[in-house]
Amino acid sequence: MSRRRVAITGLGLVSPFGDSLADFFQRILSGESAVRLLRLDEVPRALAIPFVTCPGFQASAILGKALAGTMDRFAQLGMAAAFAAWDDAGLDRRQNAESRERWGVSWGTALGGTLAYEKGYKELWQKGRERISPLSVILGMNNAANAHISIQLGLGGVSMSHTVACASSSIAIGEAFRRVRSGEAPIMLTGGSDVPQAYGVARAWDALRVLASGDEKTAPIACRPFSEDRDGLVLGEGGAALVLEDWEHAHRRGARIHGELIGYGTTCDHAHLVHPKADGQIRALRAALADAALNPQEVDYINAHGTATIEGDPVEIEAIRTVFGDGGTRPAVSGTKSMHGHLLGAAGAIEAIVTILSLREQAIPPTAHLDTIDPACAGVDHVSVTRRDQPLSTALSNSFAFGGSNAVLAFRAATQ
């Protein structure tokens with residue numbers, strides 16, 4: 001079977017900086033942190049943690065009150081990002097524009113509609129209600145986002161959700177890529193969304209002792225991947241979407257092409273639920289390179305998973321060192337979670353957009369707050385200051401999740 005080229009024709013997001021791609025990327029290039037202190041004044045005990053929210057997102061204003069009312073916040077974020085990517089691709093939202101029976105959706109979320117279920121618990125246990133909203137099931141189901149996207153845009157092909165912890169949306173993008181490349185679908189809308197600020201979720205992550213500490217003053221610099229003084233990750237909410245399109249289909253309709261998705265590798269450490277292993281990540285990196293027909297020396301940039309956990313960062317750097325070596329052709333490496341936070345199931349999608357924009361704009365964003373590199377994370381070309389006017393041709397985006405699930409996406413700058 002011949003492999004079709006896969007163009008990226010649409011990008012959309014809901015980020016802490018808003019929904020403008022240009023503004024988002026310029027802020028990331030400038031090293032601006034969106035991390036703030038989040039206070040959850042809940043019964044029985046308040047919680048304050050560094051966190052990333054999307055304060056400007058008003059679902060009713062973007063989606064309309066009726067549609068927004070049928071969704072949990074994670075689906076609202078996903079639908080808004082999907083609409084933005086669809087519009088960016090120059091596609092018509094009207095369902096009679098052309099046949100879309102083979103067009104599909106592949107979405108990632110780690111948590112789904114957790115807020116809907118938490119609201120139900122509060123209604124029953126704190127307010128003494130006998131019943132909860134009859135919409136609770138459809139608000140909370142993990143496939144709500146992709147279902148809404150398929151319905152609103154009239155996409156009759158596959159409609160699926162992937163829940164693979166922090167690799168959810170990277171795997172969703174990779175599986176969408178395979179369908180377009182094989183010719184099964186001329187267009188796939190893909191990405192991810194998550195909302196981890198439910199009190200129970202925040203408490204669970206806090207109990208795991210992997211969250212960064214911080215107060216009102218220090219929260220913006222709380223996430224410090226690869227830094228000697230890092231002390232944990234920072235959770236965040238958001239949604240990000242991509243339109244993947246058969247290259248010839250995109251050219252026939254005169255679409256703008258942001259970049260090309262050329263490879264995808266996924267593996268499992270098959271070792272431990274929360275302790276990552278370099279071997280599994282090495283195999284994922286090599287699988288993505290092989291799928292993209294790339295040699296290691298051809299990769300110019302890696303957007304690292306870079307969570308800023310004590311254990312995770314050195315393992316990822318070990319994997320990168322092993323695959324790319326210590327020679328002069330090492331790719332540049334940066335971790336942008338230092339600015340936009342860890343969006344869990346949406347992390348891979350927002351970082352894929354960062355990677356695509358890096359190739360398109362020929363600029364590499366930094367790992368913010370990286371003043372002193374941990375010796376255990378040395379040996380790669382860390383980017384601590386933005387690099388502009390870079391000759392970038394190919395790049396990778398890493399997602400390494402709890403459960404040992406790994407996914408790597410390979411991208412190429414747009415060519416004719």
Side-chain angles (χ1 to χ4, degrees), residues 1-12 78 81-82 85-86 88-93 95-109 142-164 167-192 240-267 284 287-294 345 348-349 352-353 356 397 399 405 407-412 414:
M1 180 183 296
S2 63
R3 289 186 168 192
R4 299 171 184 266
R5 292 177 70 185
V6 179
I8 302 154
T9 56
L11 300 174
W86 201 255
D88 183 59
L91 294 165
D92 198 327
R93 292 193 196 181
Q95 297 183 19
N96 60 356
E98 66 176 293
S99 175
R100 299 175 182 175
E101 292 306 299
R102 294 193 299 127
W103 301 14
V105 182
S106 177
W107 204 252
T109 183
N142 276 36
N143 69 320
N146 60 277
H148 278 292
I149 293 167
S150 295
I151 291 167
Q152 293 302 313
L153 296 174
L155 309 182
V158 65
S159 183
M160 57 183 174
S161 59
H162 294 267
T163 297
V164 199
S168 297
S169 55
S170 286
I171 287 177
I173 293 167
E175 296 304 317
F177 163 67
R178 286 177 171 174
R179 280 171 167 75
V180 176
R181 185 172 65 176
S182 70
E184 179 181 336
I187 287 181
M188 289 288 295
L189 202 159
T190 184
L242 299 80
V243 174
L244 304 184
E245 186 168 355
D246 176 276
W247 191 273
E248 295 303 321
H249 186 278
H251 267 283
R252 283 196 301 272
R253 69 180 186 87
R256 175 184 59 178
I257 296 176
H258 293 287
E260 184 176 1
L261 183 49
I262 59 173
Y264 165 52
T266 184
T267 64
L289 292 174
D291 194 45
L294 288 174
I353 288 178
I356 295 160
S397 181
S399 294
S405 295
V408 179
L409 300 170
F411 300 94
R412 178 181 288 133

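Just so it is clear, the model here is predicted, and its values are computed rather than measured. In what follows, every heavy atom counts, from backbone to side chain, and hydrogens, waters and symmetry copies are set aside.
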Would you indicate whether the side-chain heavy atoms of L261 and I173 approach each other to under 4.5 Å? yes
Taking salt bridge (charged side-chain N to carboxylate O under 4.0 Å, His left out) as the definition, give me every residue that meets it alongside E184, ordered by chain and number, with sequence neighbours left out. R179
For S168 and G108, indicate whether the former's side chain and the latter's backbone hold a donor-acceptor pair under 3.5 Å. no
Non-neighbouring partners of R256 that pass side-chain contact (heavy atoms from CB on, under 4.5 Å), sequence neighbours left out: D88, H258
List for me each residue that meets side chain to side chain donor-acceptor pair (under 3.5 Å) alongside S150, sequence neighbours excluded, and say none if there are none. S159
To the nearest 0.5 Å, how far apart are CZ in F411 and CZ in F177? 9.5 Å
Test of understanding: with side chain to side chain donor-acceptor pair (under 3.5 Å), list the residues that count as partners of S170, not counting sequence neighbours. S399
Could you tell me which residues satisfy side chain to side chain donor-acceptor pair (under 3.5 Å) with T267, sequence neighbours excluded, listed by chain and number? N406
Under a 4.5 Å cut-off applied to non-hydrogen side-chain atoms, are W107 and I149 in contact? yes
Pair listing, salt bridge (charged side-chain N to carboxylate O under 4.0 Å, His left out) test, anchored in residues 146-160, at least two apart: none
Pairing residues for A172 by the side-chain contact (heavy atoms from CB on, under 4.5 Å) criterion, not counting sequence neighbours: S106, H162, T190
Not counting sequence neighbours, which residues clear salt bridge (charged side-chain N to carboxylate O under 4.0 Å, His left out) with E260? List them please. R5, R412
So CG of L244 and CD1 of I187: to nearest 0.5 Å the spacing works out to 10.0 Å
Counterpart residues, side chain to side chain donor-acceptor pair (under 3.5 Å), relative to N142 (two or more places apart): T163
V105 and V158, any side-chain heavy atoms less than 4.5 Å apart: no
Qualifying residue for side chain to side chain contact (heavy atoms under 4.5 Å, CB included) with L189, from N146, L153, L91: L153
Electrostatic pair D291-R178, nearest N-O below 4.0 angstrom: no
Could you tell me which residues satisfy side-chain contact (heavy atoms from CB on, under 4.5 Å) with A7, sequence neighbours excluded, listed by chain and number? T9, W247, A250, I257
If the condition is salt bridge (charged side-chain N to carboxylate O under 4.0 Å, His left out), which residues does R253 pass it with, not counting sequence neighbours? E245
Run the salt bridge (charged side-chain N to carboxylate O under 4.0 Å, His left out) test against D246 and tell me which residues pass, sequence neighbours left out. R4
